[in-house]
Amino acid sequence: MNQTLTRKRRLKLESDTGWGYAFIAVALIAFSLFTAYPVINAFVISLQEYRPLGSTYVGLENFKESFTDSLFWKAVKNTVVYTLLTVPANIFISFLIAILIIPFKKRTQTVFKAIYYLPAVASGVALAVVWLWIFDPLKSGIANQIVAFFGMSNQNWLGSSATAMFSLVLMSWLSSHGTAIIIYLAALLGIDNSYYEAAEIDGATFLQKLWYIVVPFLKPTTLFLLVTGLIGSFQVFQNAYLMTGGGPDHATTMVGLLIFNNAFTYFEFGKAAAQSLVLAAIIAIISFIQFKFMGKDIEY
């Protein structure tokens, strides 16, 4: 009898395990085809002087060439500068807007969330066209109309090395906050009101409640947005490609754009693959450092 029960339990466990593997099979297949295989293939290509009709093995030559390429390091520098200027500022702006929205009723919150999230569903090309109009170097450009109001002369925003990077940074500051705002609002709504009530009894001010209650509770959310924002910023391509093309004088050439140009403009696929792996390693190292030093007292 006991042996029969044991056998039935074993068969049921095996059946459940089989169904479990069946359910995750689709995700595993998708991961293998669209993530694992491209990464492995990129590593293989990085060791070759790749040609469609016959490649030559060159070892680490593509990596050596990248590390001695001044344009690659300039692209890395531009990407780091862009990241430092946009990611912390965007997180702060999103947090501030979420704090301003949270006192409203649910229906009003929904309206604000829809308004701020709208650019995320719009075409990136369409948004770039709007920003090209804003940064028009002629007097008709909105940016030049604003500076003219303060008595300044017209600026060639995207055509000058002095202002091109700032223009891309400003574009980031004034857009693409919808997702972070919604995530922050969800986190704010998850804080129990009893903490605020206890703080009010102790006579805490708004800023004290913000600093001692809201900021600590939102630390996991902030870490998540910081890591994902950094990854997205290091991979930035669309804005630089559509707005400036990496110019002038490579002032806005990011690593992602450089990899694209090497692969599809100069057809140096091996070099592009090597640089993409270097970029992935940089992102992984920085993300690990963030989790190491910011995630110590965070529970997931």
Side-chain angles (χ1 to χ4, degrees), residues 34 79 81-138 140-147 149 155 157-158 163-191 210 214-215 217-246 252 254 256-257 260 283:
F34 301 110
T79 306
V81 170
Y82 179 83
T83 299
L84 291 176
L85 291 176
T86 57
V87 174
N90 287 343
I91 289 177
F92 176 76
I93 293 170
S94 300
F95 173 74
L96 183 62
I97 294 174
I99 290 295
L100 294 175
I101 292 175
I102 200 69
F104 291 105
K105 295 180 179 179
K106 275 191 174 182
R107 185 171 297 178
T108 308
Q109 289 180 14
T110 303
V111 172
F112 277 111
K113 285 190 285 188
I115 292 172
Y116 280 108
Y117 193 74
L118 187 62
V121 299
S123 168
V125 176
L127 293 175
V129 170
V130 172
W131 279 100
L132 285 170
W133 173 57
I134 292 173
F135 289 126
D136 193 321
L138 301 177
S140 58
I142 293 179
N144 276 332
Q145 291 182 29
I146 294 173
V147 297
F149 178 79
Q155 301 291 323
W157 297 96
L158 301 174
T163 56
M165 177 62 77
F166 172 74
S167 300
L168 296 184
V169 171
L170 183 63
M171 178 180 174
S172 177
W173 286 348
L174 299 179
S175 59
S176 305
H177 300 300
T179 303
I181 290 171
I182 291 175
I183 292 174
Y184 264 135
L185 282 171
L188 285 168
L189 291 171
I191 300 176
L210 194 66
V214 175
V215 172
F217 271 102
L218 295 190
K219 192 174 179 181
T221 306
T222 302
L223 177 60
F224 169 77
L225 292 174
L226 184 62
V227 172
T228 55
L230 184 141
I231 292 172
S233 182
F234 262 86
Q235 294 177 331
V236 66
F237 164 78
Q238 180 176 272
N239 292 349
Y241 178 73
L242 295 174
M243 300 292 292
T244 64
T252 57
M254 311 294 182
L257 180 58
F260 175 86
I283 293 174

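Just so it is clear, the structure is predicted and the values come from calculations on it, not from any experiment.
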Using the six-membered ring wherever Trp is involved, compare the ring planes of F260 and F237 and label them parallel, tilted or perpendicular (cut-offs 30° and 60°).
tilted
I'd like to check the side chain to side chain donor-acceptor pair (under 3.5 Å) partners of N90; sequence neighbours left out, ordered by chain and number.
S172
Under a 4.5 Å cut-off applied to non-hydrogen side-chain atoms, are M165 and T244 in contact?
no
Mind listing the closest non-hydrogen atom pair of L225 and I183 along with its distance?
CD2-CD1, 3.8 Å
Go through L230 and L226 one step at a time and tell me if the side chain to side chain contact (heavy atoms under 4.5 Å, CB included) criterion holds.
CA-CA 6 Å; L230 184 141; L226 184 62; 5.7 Å; no
Inter-residue atom distance Y82.OH - F166.CZ, 0.5 Å rounding
12.5 Å
Supply the atom-to-atom distance L223 CG to L218 CG, rounded to the nearest 0.5 angstrom.
12.5 Å
Let me check something: any side-chain donor-acceptor pairs from residues 117-132 under 3.5 Å, sequence neighbours excluded? List them with distances.
from	atom 1	to	atom 2	distance (Å)
S123	OG	V125	N	3.3

Which pair of non-hydrogen atoms, one from P137 and one from N144, has the smallest distance, and what is that distance?
O-ND2, 3.0 Å
With heavy-atom distances below 4.5 Å as the criterion, would you say the side chains of V147 and W157 are in contact?
yes
Derivation of the side chain to side chain contact (heavy atoms under 4.5 Å, CB included) call for Q109 and L189
CA-CA 11 Å; Q109 289 180 14; L189 291 171; 4.3 Å; yes
Using the rule given for side chain to side chain contact (heavy atoms under 4.5 Å, CB included), can you reason through T83 versus M254, listing the C-alpha separation, both sets of side-chain angles and the distance that settles it, and then say yes or no?
CA-CA 10 Å; T83 299; M254 311 294 182; over 6 Å; no
Smallest separation among heavy atoms of D136 and S140, with atom names
OD2-OG, 3.9 Å
Residues pairing under ring pair (Phe, Tyr, Trp, His ring centres under 6.0 Å) where one sits in residues 94-114, two or more places apart or in two chains, turn out to be F95-Y184, F104-F112
Interatomic distance, OG1@T86 vs CG@L168, rounded to 0.5 Å, equals 10.0 Å
For residues T79 and S233, report the shortest heavy-atom separation together with the two atoms involved.
CG2-O, 4.0 Å
Rounded at 0.5 Å granularity, tell me how far CE in M171 sits from CG in L242.
8.0 Å
dist I93:CD1 -> L96:CG (nearest 0.5 Å) comes out at 8.5 Å
Atom of I102, atom of I99 and distance for their closest heavy-atom approach
CG2-O, 3.2 Å
Where do A98 and L185 come nearest, in terms of heavy atoms and distance?
O-CD2, 3.5 Å
Is the shortest heavy-atom distance from the side chain of F92 to the side chain of V87 under 4.5 Å?
no
CG on L257 to CG on N239, rounded to 0.5 Å:
11.0 Å
Mind running side chain to side chain contact (heavy atoms under 4.5 Å, CB included) on F135 and Q155 for me, showing each step along the way?
CA-CA 9 Å; F135 289 126; Q155 301 291 323; over 6 Å; no
